[in-house]
Amino acid sequence: MKLKTHKYIGVAIIATSLSTMSCKKESFVEANLNPATLYEVTPENQFLAASIQINNDYEYYYDVYRRLNYWLQYSTPASGNGFNFNAPGGNFNYRYNNFYNNVGPKLMDAIQIINSLPQEERNGYIHLENIARILLAYYACYTSDSNGSIPYSEAFLARYGGTLTPIYDTQETIFSLANDQISAAVDILKNTTTDGQVNLGSNDPFFNGNVNQWIKAGNALRLRIASRFIKADQAKAQAIISDVLANSDQMAHVDDSWEMRAGPTYADANTNWNPANFIAGKPILDYMKEKADPRLRIYYRPNSNGEYVGGFPSPDDPIKPENAPLYSGGIANFSQLQHRLFTPNYDEGNGAGNGSAFFPIITYAEYCFLRADFAARGLTSDNAEEWYKKGVYASIDYYDRRAQASSPIGGLGVGTGIEGYVSVTMTEKDNYYNATGVKFDPSNALEQIAVQAYFDFYRNPFEAWNWWKRTGYPSTSSTIFEWSDLVAQGARLPLPRRASQSFLPTSNLNYQNQRAALEQMMQDPEYGSGPGDPFGRVWWDRSN
C-alpha cells in the first residue's frame, strides 16, 4: 500500500561532506516535514524548494518501482509480473503535476523575484537566475518527453501579469526553446565573473553553487536534447552538437556528473521510497554474472544462500511448472534491489544506515555514451570507441563511489551501510571491459553503446526508457544483451512509449488550448489511437 501522497511545506538544510576533499562538491539536503515552519521567500530559497521537489517519493512509488523498473526488466515483483503489468495506470506520469504544482512555479518565482529587484541588487543575481533557467529547461524537457505538447513558453506567469490560459507548445518548440535558453544561460554564466554574485551554496543540492559545474551540466543537457532531434530533424541535432562541442567547458570526469546528493533520511525507507521486495530481473542479473560486471554487488543483493538469482520478467514464466519450485520458496530465493543504494537509512536488521542518497540527472558516463553514439552515427569526428570505453569505466566508477558513500567507509560516521561492500578494483574494470560483447566492436557499435548506457541508467530508468525508444535497445533479439520476451496468457505484451492523456473538463479555463494541442498531436499517425493510448509515440520518438 502506498504510504503517503504528499510532502509538506518546509525545508531545512543540513550541510556536510563525504570527506574533506569533497566538502566543496556537495551539500546534503534533508526534508523537514513541518508545515508550520515559514521561511523568507528569497530566490535562493525558491531554487532549493524547487530542487528538492525534482525527486519525489510519489513518483518513485508508482513510476519507478512499479512501472519503469518492471518494463525495463531491472526488477520484478517477488511473485512475478501481472498479466497487464505493461498498463501505465492512472497514477503514472507524476512529473506532469509536479512540474506545474511544484518545480516550475518555484523556479519562476526565483526568476521573477530577481527581476523585481533594483538593478544594482539584481546584478548580483545573474548567476542564480541563469542556473534557475537551466533547471527549468531541464524539467520542461523531462515533462515533455513522455507527454508531448505542454504549456511552457507562457506557463507560470499568471501571477506576474501573464495569462491564465497558456498555450501548449509543441514538443519540437519546447526542445528548441529549451536548447536556446540553456545556450544563452551558459554563455552568460561563462561571461559573468563571480565578483559580487550571490552564491547558491547549500541552497544548491546539485553543485553547491559551483558555476563552472553548471556550465558543464548545461552543455551536457544540450547534447541530450540534441539526441531527441536525431530521428525527427537530424540537421538540427547536428547543429546543436557542433555548437556545444565548440565550447571548451565539457564534462571530463565522474565528479562532473549532474546529480542530487542528500542525507540518509531524505529518501526515507519508512515512506514511499522503500525499495524492499523488488527482485532482480533475470536477464540483467544473468548478464552481469556472466560478464563479471563489478556493479552486480552494487545493484543487487545476494539471496539467502549467498547467490545471485533473478526473477522472470515475462508474466507467463513464473507459473510454468518447471519454475514453480523457485517461486514456492518466496523472496528469499531471489536477489533483491540493493536497498541502501536507493534508501541509505534502510534498516536491514542491524540499525538504520547513515550513508548518502543520490539521484543522477546526467552522469559523466551518459555524457560519454552520447558522444560515442553521435560518433558512431557519423554526426561528429569523435572516436566512438574512445568515448564508449570512457563511458563503461565512468559508469562503474560512479556507482562504486555511490556505493562507498552508502557504506561505513563513505566517511559518514560509524553506522551501517551496504553490508560488506568491497570497492571495485582496476582489474575488475579491465576484465569486464574486455569480456566478449562488452569490448567495443565497430560492426555493432550503436547496440553496444545503447546497452551499456542501459546499465548506467539503473538509477535513472526514465532515461533508459528514452534511449530504448530512440535506439530500440535493449531488445528481445539482441546478440549482446537479450531482454525476455514479455508474454501474458500466450500474448506478447508491448511496452508503453508515452503517458496516457485525457481531455480536461470543459469547465477548465484552459480546455480549448489543451484540446487544440491534443488534436494537433493526433494528426500524427504515430501518436496512436488517441490521447489515452500509451503505446503511441510523441514527436521525437520516430519509427524511421
Side-chain angles (χ1 to χ4, degrees), residues 11 13 26-27 29 39-56 95 98-119 121-144 150-162 166 174-175 177-194 196-222 224-225 249 258-260 359 361-362:
V11 176
I13 306 303
E26 66 181 82
S27 60
V29 181
Y39 296 91
E40 179 187 1
V41 178
T42 67
E44 301 95 311
N45 287 343
Q46 289 301 84
F47 182 88
L48 174 61
S51 298
I52 65 171
Q53 288 287 347
I54 282 176
N55 306 296
N56 189 280
R95 70 182 75 181
N98 198 39
F99 186 39
Y100 294 105
N101 293 332
N102 298 312
V103 177
K106 292 177 175 65
L107 289 173
M108 186 57 70
D109 282 347
I111 293 168
Q112 293 297 327
I113 291 170
I114 292 169
N115 288 337
S116 70
L117 295 172
Q119 188 61 52
E121 188 175 353
R122 180 182 174 185
N123 288 340
Y125 281 93
I126 293 173
H127 281 174
L128 196 159
E129 177 181 352
N130 285 282
I131 289 171
R133 292 189 185 280
I134 292 173
L135 191 60
L136 182 64
Y138 155 72
Y139 209 85
C141 293
Y142 175 72
T143 305
S144 177
I150 60 171
Y152 180 49
S153 62
E154 295 181 355
F156 315 118
L157 293 170
R159 65 186 296 182
Y160 301 106
I174 291 163
F175 279 87
L177 182 59
N179 172 67
D180 293 343
Q181 291 171 334
I182 299 164
S183 176
V186 165
D187 285 345
I188 292 172
L189 291 174
K190 281 173 61 71
N191 294 303
T192 305
T193 68
T194 58
Q197 291 295 307
V198 173
N199 189 291
L200 276 165
S202 60
N203 289 297
D204 173 7
F206 307 104
F207 296 118
N208 203 37
N210 187 315
V211 174
N212 290 333
Q213 293 295 95
W214 275 106
I215 292 170
K216 295 176 183 179
N219 284 328
L221 179 56
R222 291 185 66 202
R224 179 189 283 178
I225 289 173
D249 296 286
W258 182 3
E259 63 180 347
M260 176 177 168
F359 299 88
I361 295 178
I362 301 180

Treating [X] as the side-chain partner and [Y] as the backbone partner, does any N or O pair qualify as donor plus acceptor under 3.5 Å?
X: Gln197; Y: Ile126; value: yes
X: Tyr125; Y: Ala110; value: no
X: His127; Y: Thr192; value: yes
X: Asn98; Y: Gln53; value: yes

Write down the atom of [X], the atom of [Y], and the distance for their closest heavy-atom approach.
X: Ser153; Y: Leu177; answer: CB-CD2, 4.0 Å
X: Ser144; Y: Ile174; answer: OG-CD1, 3.9 Å
X: Tyr100; Y: Pro151; answer: OH-O, 2.6 Å
X: Ile225; Y: Cys141; answer: CD1-SG, 3.9 Å
X: Pro43; Y: Ile114; answer: CG-CG1, 3.7 Å

Can you check whether [X] reaches [Y] side chain to side chain, under 4.5 Å on heavy atoms?
X: Leu48; Y: Lys106; result: no
X: Ser51; Y: Asp204; result: no
X: Thr42; Y: Ile113; result: no
X: Asn130; Y: Ile134; result: no
X: Val103; Y: Arg95; result: no
X: Met260; Y: Ile361; result: no
X: Ile131; Y: Phe206; result: no
X: Tyr160; Y: Ser116; result: no

To the closest 0.5 Å, what do you measure between [atom1] ([X]) and [atom2] ([Y])?
X: Asn199; Y: Asn208; atom1: CG; atom2: CG; value: 7.0 Å
X: Asn55; Y: Glu259; atom1: CG; atom2: CD; value: 10.5 Å
X: Leu107; Y: Ile54; atom1: CG; atom2: CD1; value: 6.5 Å
X: Thr194; Y: Leu189; atom1: OG1; atom2: CG; value: 11.5 Å
X: Leu221; Y: Ile362; atom1: CG; atom2: CD1; value: 4.5 Å
X: Arg133; Y: Met108; atom1: CZ; atom2: CE; value: 6.5 Å

### Task
Would you check, one step at a time, whether the test side chain to side chain contact (heavy atoms under 4.5 Å, CB included) holds for Arg159 with Asp109?
CA-CA 9 Å; Arg159 65 186 296 182; Asp109 282 347; 3.6 Å; yes
### Summary
Sorted by chain and number, sequence neighbours left out, side chain to side chain contact (heavy atoms under 4.5 Å, CB included) with Ala137 holds for Tyr152, Ala178, Gln181, Ile182
### Query
So does Arg122 have more than 12 non-hydrogen atoms from other groups sitting under 6.0 Å from CZ?
yes
### Task
Can you label the angle between the Tyr139 ring and the Tyr142 ring as parallel, tilted or perpendicular, going by 30° and 60°?
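Taking Tyr142 first and then Tyr139, their aromatic rings sit tilted (interplane angle of 30° to 60°).
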### Message
Once you measure the plane-to-plane angle for Trp214 and Phe47, does it fall in the parallel (<30°), tilted (30-60°) or perpendicular (>60°) bin?
### Response
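Judged by the thresholds at 30° and 60°, the geometry between Trp214 and Phe47 is perpendicular.
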### Task
Evaluate side chain to side chain contact (heavy atoms under 4.5 Å, CB included) for Phe156 paired with Leu136, printing each intermediate quantity in order.
CA-CA 11 Å; Phe156 315 118; Leu136 182 64; 4.2 Å; yes
